[in-house]
Amino acid sequence: MSNSLDAYLVLAGLLFAIGTFGFLARRNAISMLMSIELMLNGVNLSIVAFGAFIPALGLHGSVIALVVMAVAAAEATVGLSIVIAIYRNRRTPLVDEYDAMRQ
């Protein structure tokens, strides 16, 4: 196990970059939601790493990470319910086909 903050931040940056690429490159709404979750996991990893390596933060980093996880769970619930509702009407999970909301 590494005793360096850099290794954790590089991994968090990679997770965030993969999530960003997945969000921008995919057309499927479910894949886009999973990419957002990956981005939030990268942010959580960096928050927990800073909390572990900076003594002044103490347990505040873990508390902030728990709040971010709660927000991610709420985002996944609301996002998935919106995708399911649109899928029932349009019969496609592709976001390019969601033009009914523009009218």
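Note that this is a predicted model, so its numbers are computed, not measured.
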As an exercise, state the distance from [atom1] of [X] to [atom2] of [Y], rounded to the nearest 0.5 Å.
| X | Y | atom1 | atom2 | answer |
| --- | --- | --- | --- | --- |
| L33 | T77 | CG | OG1 | 10.5 Å |
| S4 | L9 | OG | CG | 8.0 Å |
| Y87 | L80 | OH | CG | 13.0 Å |
| L14 | L38 | CG | CG | 11.0 Å |

Which atom of [X] lies closest to which atom of [Y], heavy atoms considered:
| X | Y | answer |
| --- | --- | --- |
| A72 | E37 | O-OE2, 3.2 Å |
| G61 | I47 | O-CG2, 3.2 Å |
| S35 | G19 | CB-O, 3.3 Å |

Compare all side-chain heavy atoms of [X] with those of [Y] and state whether any distance is below 4.5 angstrom.
| X | Y | answer |
| --- | --- | --- |
| M39 | L15 | no |
| L5 | I54 | no |
| F50 | Y8 | no |
| L45 | N41 | no |
| L40 | E75 | yes |

Do [X] and [Y] sit in one hydrophobic cluster, given that two such residues count as connected whenever their side-chain heavy atoms are within less than 4.5 Å of each other, even indirectly?
| X | Y | value |
| --- | --- | --- |
| F21 | M32 | no |
| V43 | L24 | yes |
| F53 | V48 | no |

> Under the 4.5 Å side-chain heavy-atom rule for ILVMFWY, direct or indirect, which residues accompany M34?
Replying inline: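 Members besides M34: none; it forms no cluster.
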> Mind checking who shares a hydrophobic cluster with L66, ILVMFWY linked at side-chain heavy-atom distances under 4.5 Å?
Replying inline: M69
